[in-house]
Structures are given as C-alpha cells and as structure tokens.
Amino acid sequence: MSPLPPTLPKPRLGGYVVADYTDARADISIRTSFCDQSAAITDTTVVWTGTDWQLQLPATGESASRVHVYDPQTATYDTGREVALAAPAAACSDQEGTP
C-alpha cells in the first residue's frame, strides 16, 4: 500500500463584502486566498427563511460563473468595504497543482 499524498494547505477566507442587502436577501462577495498568493472572489446570495439565512444555489442551467480570479490591478471588487478576516499564514507546498 502506498502512502497518502501530503495534504495541501487549505484556502483561507480573506474577507467579504455585502454588495446588496434587503430583509429577505443579501448578495455577498467572498475573497478566498491561496498559499501561492493568488486569490478568488466568489459571488453568492443568501436568503432569509424566516428563521435563518440560507445559501441560494444557482438555478439549474445557469451558466454565469460565480467565482472570479481576484487581480487587484483590474478588480472591481470593493476592498474598501471588505470586512477583513485574520488568518494564520500557510506555507505553500512545492507540489504541482496547488491552487
């Protein structure tokens, strides 16, 4: 039996922006950072069910991407409104395929 491959560092939640909010729905952009210093923005919607907020999944057949590469040179993501979340630095492995 061969050993399992080493675990890759997990992505870190870097922060979020509430892009739009009503009592029934909120559109949120979430920044995720990776150990190779890259980052992605995931646009998501949550809806109020009367007792809790729940993630609204994309409609069947929806083809618009909700995950975007975050490039501070070209991003329209409003980092001035971001709630930054502290996270410990993760060492990036030299493994090919690290996100």
Side-chain angles (χ1 to χ4, degrees):
M1 180 183 289
S2 61
L4 294 173
T7 303
L8 294 174
K10 294 177 179 70
R12 297 180 315 241
L13 181 61
Y16 63 92
V17 171
V18 178
D20 190 39
Y21 174 84
T22 68
D23 289 342
R25 168 190 170 118
D27 295 324
I28 302 170
S29 296
I30 304 166
R31 182 169 50 89
T32 307
S33 300
F34 301 93
C35 65
D36 66 355
Q37 306 306 310
S38 66
I41 304 296
T42 303
D43 297 323
T44 190
T45 299
V46 292
V47 292
W48 182 250
T49 64
T51 57
D52 198 4
W53 291 98
Q54 292 189 355
L55 182 64
Q56 181 179 37
L57 298 176
T60 303
E62 182 178 322
S63 62
S65 175
R66 291 177 167 238
V67 179
H68 314 279
V69 173
Y70 174 64
D71 179 354
Q73 302 299 318
T74 60
T76 57
Y77 177 71
D78 188 355
T79 57
R81 294 179 46 210
E82 177 180 274
V83 175
L85 304 173
C92 194
S93 71
D94 292 332
Q95 296 180 6
E96 189 174 329
T98 301

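Just so you know, these numbers use all the heavy atoms, side chains as well, and skip hydrogens, waters and symmetry mates.
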A.B. asks: Mind running side chain to side chain donor-acceptor pair (under 3.5 Å) on Arg31 and Ser33 for me, showing each step along the way?
C.D. replies: CA-CA 7 Å; Arg31 182 169 50 89; Ser33 300; 3.3 Å; yes
A.B. asks: Is there a side-chain contact between Thr44 and Leu55 in this structure, where contact means two heavy atoms from C-beta onward sitting under 4.5 Å apart?
C.D. replies: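 Heavy-atom side-chain distance check passes, below 4.5 Å.
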A.B. asks: Distance check, rounded to the nearest 0.5 Å: Gln56 atom CD versus Thr49 atom OG1?
C.D. replies: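 Nearest 0.5 Å value for the CD-OG1 distance: 12.5 Å.
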A.B. asks: Find the distance between CZ (Arg12) and OG1 (Thr32) and round it off to the nearest 0.5 Å.
C.D. replies: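 Answer for the CZ-OG1 pair, Arg12 versus Thr32, is 10.5 Å.
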A.B. asks: Please report the interatomic distance OG(Ser29) to CG(Asp43), rounded to the nearest 0.5 Å.
C.D. replies: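 Here the rounded value is 4.0 Å.
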A.B. asks: Can you find a pair of side-chain heavy atoms, one from Ile28 and one from Val46, that are under 4.5 Å apart?
C.D. replies: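 The answer is yes; the side chains approach within 4.5 Å.
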A.B. asks: Where do Trp53 and Ala26 come nearest, in terms of heavy atoms and distance?
C.D. replies: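 Looking at all heavy atoms of both residues, the shortest contact is CZ3-N, 4.0 Å.
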A.B. asks: Would you mind reporting whether Leu13 and Ile30 have side-chain heavy atoms less than 4.5 Å apart?
C.D. replies: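 Yes, close enough: below the 4.5 Å cut-off.
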